[in-house]
Amino acid sequence: MEVPQDLRYSREHEWVRLEEGGKARIGVTDYAQSQLGDVVYVELPEVGRHLKAGESLGVVESVKSVSDVYSPLSGTVLEVNGALSDSPEKVNQEPYGEGWMVRLEPDDPSEAEALLDADGYRALVEAEGGA
């Protein structure tokens, strides 16, 4: 299970990468994609939509289940990964790269400090019986 050190993590298995200029990129973790199985469809929000932390930002459908993806931060959607509509398998192949889902303008980038760091996320997954 890959858990990059430079990201922050939600307890719902999303990751956040804070980018230059205070923007945030969001996706689901390697653990989440492995639990989902083969992703066959991804539904993402419209650009310009405001999300509250903990609110569903979209849906991931896999061969095993349909799962909501939750926004780890509050903010406005700047961009969605349109490539996922044609290639949802990128979520499985590169969850921290080409499989990203949403780019957000956070209301308060410091909200990310309340999320888990890599060690905390590993401990959460272990407590849930994962890797």
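A quick note: this is a predicted structure, and the numbers were derived from the prediction, not measured. No hydrogens, no waters, no symmetry mates; every other heavy atom, side chains included, goes into these values. All residue numbers in this chain count up from 1 along the given sequence.
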TODO: Count the heavy atoms belonging to other residues, nucleotides or ligands that lie under 6.0 Å from CD of Gln5, then report whether that count exceeds 12.
DONE: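 Yes, because the 6.0 Å sphere around CD of Gln5 holds more than 12 heavy atoms from other groups.
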From [atom1] ([X]) to [atom2] ([Y]), nearest 0.5 Å:
X	Y	atom1	atom2	answer
Tyr9	Asp119	OH	CG	10.0 Å
Leu84	Met101	CG	CE	6.0 Å
Arg8	Leu18	CZ	CG	8.5 Å
Glu19	Arg103	CD	CZ	5.0 Å
Gln35	Glu128	CD	CD	8.5 Å

So [Y] and [X], do their side chains get closer than 4.5 Å, heavy atoms only?
X	Y	value
Leu73	Leu115	yes
Glu98	Gln93	no
Asp30	Val3	no

Task: Donor on one side chain, acceptor on other, Asp68 and Ser56, under 3.5 Å - done: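 Yes, side-chain donor-acceptor contact under 3.5 Å.
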Open item on the list: For a quick check under 3.5 Å, do Thr29 and Tyr121 share a side-chain donor-acceptor pair by atom type?
Closed with: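 Yes - a donor-acceptor pair under 3.5 Å links their side chains.
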Task: Closest approach of Tyr70 to Gly54 (non-hydrogen atoms, all atoms of both residues) - done: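 Closest heavy-atom pair between Tyr70 and Gly54: CD2-O, 3.3 Å.
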- [ ] For His50 and Glu55, run side-chain hydrogen bond (donor to acceptor under 3.5 Å, both in side chains): C-alpha distance rounded to whole Å, both residues' side-chain angles, the deciding distance at 0.1 Å, then the answer.
- [x] CA-CA 10 Å; His50 186 268; Glu55 181 179 1; 5.8 Å; no
Task: For Val39, the option from Pro88, Pro95, Ser87 that meets side chain to side chain contact (heavy atoms under 4.5 Å, CB included) - done: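 With Val39 as partner, side chain to side chain contact (heavy atoms under 4.5 Å, CB included) holds for just one option, Pro88.
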TODO: Check each of Leu57, Leu44, Ile26, Leu51 against Val77 using the side chain to side chain contact (heavy atoms under 4.5 Å, CB included) test, and report the only one that passes.
DONE: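 Between Val77 and the candidates, side chain to side chain contact (heavy atoms under 4.5 Å, CB included) is satisfied uniquely by Leu51.
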